[in-house]
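Please read the structure below before turning to the comments.
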Amino acid sequence: MYRTQQGEQIGDLEDVIWSAPRQGLQSRSEPSTSSAMRPRFTVPPEEVEITATRAQGAGGQNVNKVANAVHLRFDIAASSLPEPVRERLLKLGDQRISKDGVVVIKAQEFRSLEKNRAQALGRLHELIASVAVLPKRRRPTRPSRAAVAKRLDSKARRGTIKSGRGRVVE
């Protein structure tokens, strides 16, 4: 459902919102250009709530009468994303994610409602893509014996330099 702040319905969600090109999260079988294969997820349009609001800032007479800014709301817990992705998204310390687990994105850069809508959806896809890839597990390593000896030798040399800086006692 796509409505303005006043409650007027502006357009059909599938026709208007998803006609914009989506960036990166569609399920595809084409090879990725990056070396790491990223899992791709499709966010169904019924899981995203988009409302039009009046934009802030300069814009002349037009800014007061046209609702061109977009508020996108996406409930993480009620989404169809895989459970590990949902958990990582909820753990993410992003200010756009509320305590209730709802992603709120405001887009108002453009004067066009369609461009703002596409930008908000693009930001949502980027946010999901950032947690879709599993973080690499750290493999604990130890410094080599030569590296330890070099560090200790450097510390000893530095200590002798600093001890020579003290007061001269005769």
Side-chain angles (χ1 to χ4, degrees), residues 1-140:
M1 111 182 142
Y2 182 63
R3 300 182 183 278
T4 63
Q5 270 184 329
Q6 292 78 21
E8 305 164 6
Q9 188 166 355
I10 290 185
D12 188 21
L13 190 64
E14 272 105 36
D15 297 340
V16 181
I17 296 170
W18 298 104
S19 61
R22 293 194 279 192
Q23 301 170 351
L25 293 178
Q26 292 173 307
S27 296
R28 293 188 206 156
S29 59
E30 53 187 68
S32 175
T33 56
S34 65
S35 59
M37 287 297 291
R38 295 186 133 198
R40 297 171 186 239
F41 301 103
T42 302
V43 179
E46 54 272 359
E47 292 182 3
V48 179
E49 180 187 333
I50 295 183
T51 54
T53 59
R54 291 186 182 150
Q56 298 171 334
Q61 296 171 348
N62 202 40
V63 78
N64 295 327
K65 56 186 180 179
V66 180
N68 281 342
V70 169
H71 267 215
L72 179 142
R73 295 178 63 81
F74 177 71
D75 189 5
I76 298 169
S79 70
S80 61
L81 293 172
E83 188 62 34
V85 175
R86 273 191 274 166
E87 287 175 10
R88 286 195 298 270
L89 199 54
L90 287 169
K91 285 181 189 174
L92 195 64
D94 198 303
Q95 65 183 10
R96 297 173 290 184
I97 302 174
S98 69
K99 292 176 185 172
D100 303 328
V102 177
V103 179
V104 179
I105 297 175
K106 183 172 184 181
Q108 61 178 10
E109 183 179 340
F110 303 104
R111 288 184 62 159
S112 164
L113 184 67
E114 289 76 25
K115 286 182 181 178
N116 284 332
R117 192 178 307 117
Q119 184 187 38
L121 287 168
R123 283 196 230 156
L124 175 66
H125 293 309
E126 287 172 14
L127 184 68
I128 294 171
S130 70
V131 297
V133 179
L134 275 173
K136 253 187 191 175
R137 281 192 71 139
R138 180 189 175 276
R139 187 169 44 197

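These numbers come from the heavy atoms of this one structure, side chains and all, not from hydrogens, waters or symmetry mates. Residue numbers count from 1 along this sequence. Bear in mind that the values here come from a model prediction, so they are computed numbers and not experimental data.
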**Request:** Indicate yes or no: at least one non-hydrogen side-chain atom of Ile76 is less than 4.5 angstrom from one of Leu81.
**Result:** no

**Request:** Determine the minimum heavy-atom distance between Arg138 and Pro140, stating which atoms define it.
**Result:** NH1-CA, 3.2 Å

**Complete:** Value for CD1 (Ile97) from CG (Leu92), rounded to nearest 0.5 Å, stands at 5.0 Å

**Prompt:** What is the distance from atom CZ of Arg73 to atom CD1 of Ile105, rounded to the nearest 0.5 Å?
**Reply:** 11.5 Å

**Item:** Lys115 atom NZ, neighbour heavy-atom count above 12 within 6.0 Å
**Value:** no

**Prompt:** Are Leu121 and Ile50 close enough, and set up right, to give a side-chain contact (heavy atoms from CB on, under 4.5 Å), and what steps lead you there?
**Reply:** CA-CA 9 Å; Leu121 287 168; Ile50 295 183; 4.3 Å; yes

**Item:** Verdict with supporting geometry, Phe74 and Ile128, side-chain contact (heavy atoms from CB on, under 4.5 Å)
**Value:** CA-CA 11 Å; Phe74 177 71; Ile128 294 171; 4.2 Å; yes

**Atom pair OG1/CZ of Thr51 and Arg117 - distance to nearest 0.5 Å** = 11.0 Å

**Request:** With sequence neighbours left out, write down each residue that passes side-chain contact (heavy atoms from CB on, under 4.5 Å) with Glu87, or none if nothing qualifies.
**Result:** Glu83

**Request:** Identify the heavy atoms of Ala107 and Asn116 that sit nearest to each other, and give their distance.
**Result:** CB-O, 3.3 Å

**Asked** Do any N or O atoms from the side chain of Arg123 and from the backbone of Lys106 form a donor-acceptor pair under 3.5 angstrom?
**Response** yes

**Message:** Check whether Asp100 reaches the backbone of Val102 with its side chain - one donor and one acceptor, N or O, closer than 3.5 Å.
**Reply:** no

**Asked** For the residue pair Arg86 and Ala77, what are the closest heavy atoms and their distance?
**Response** NH1-O, 3.2 Å

**Message:** Minimum heavy-atom separation for Ala132 and Arg88, please, with both atom names.
**Reply:** O-NH2, 3.3 Å

**Prompt:** Of the non-hydrogen atoms in Ala52 and Leu113, which two are nearest, and what is the gap between them?
**Reply:** CB-CD1, 4.0 Å

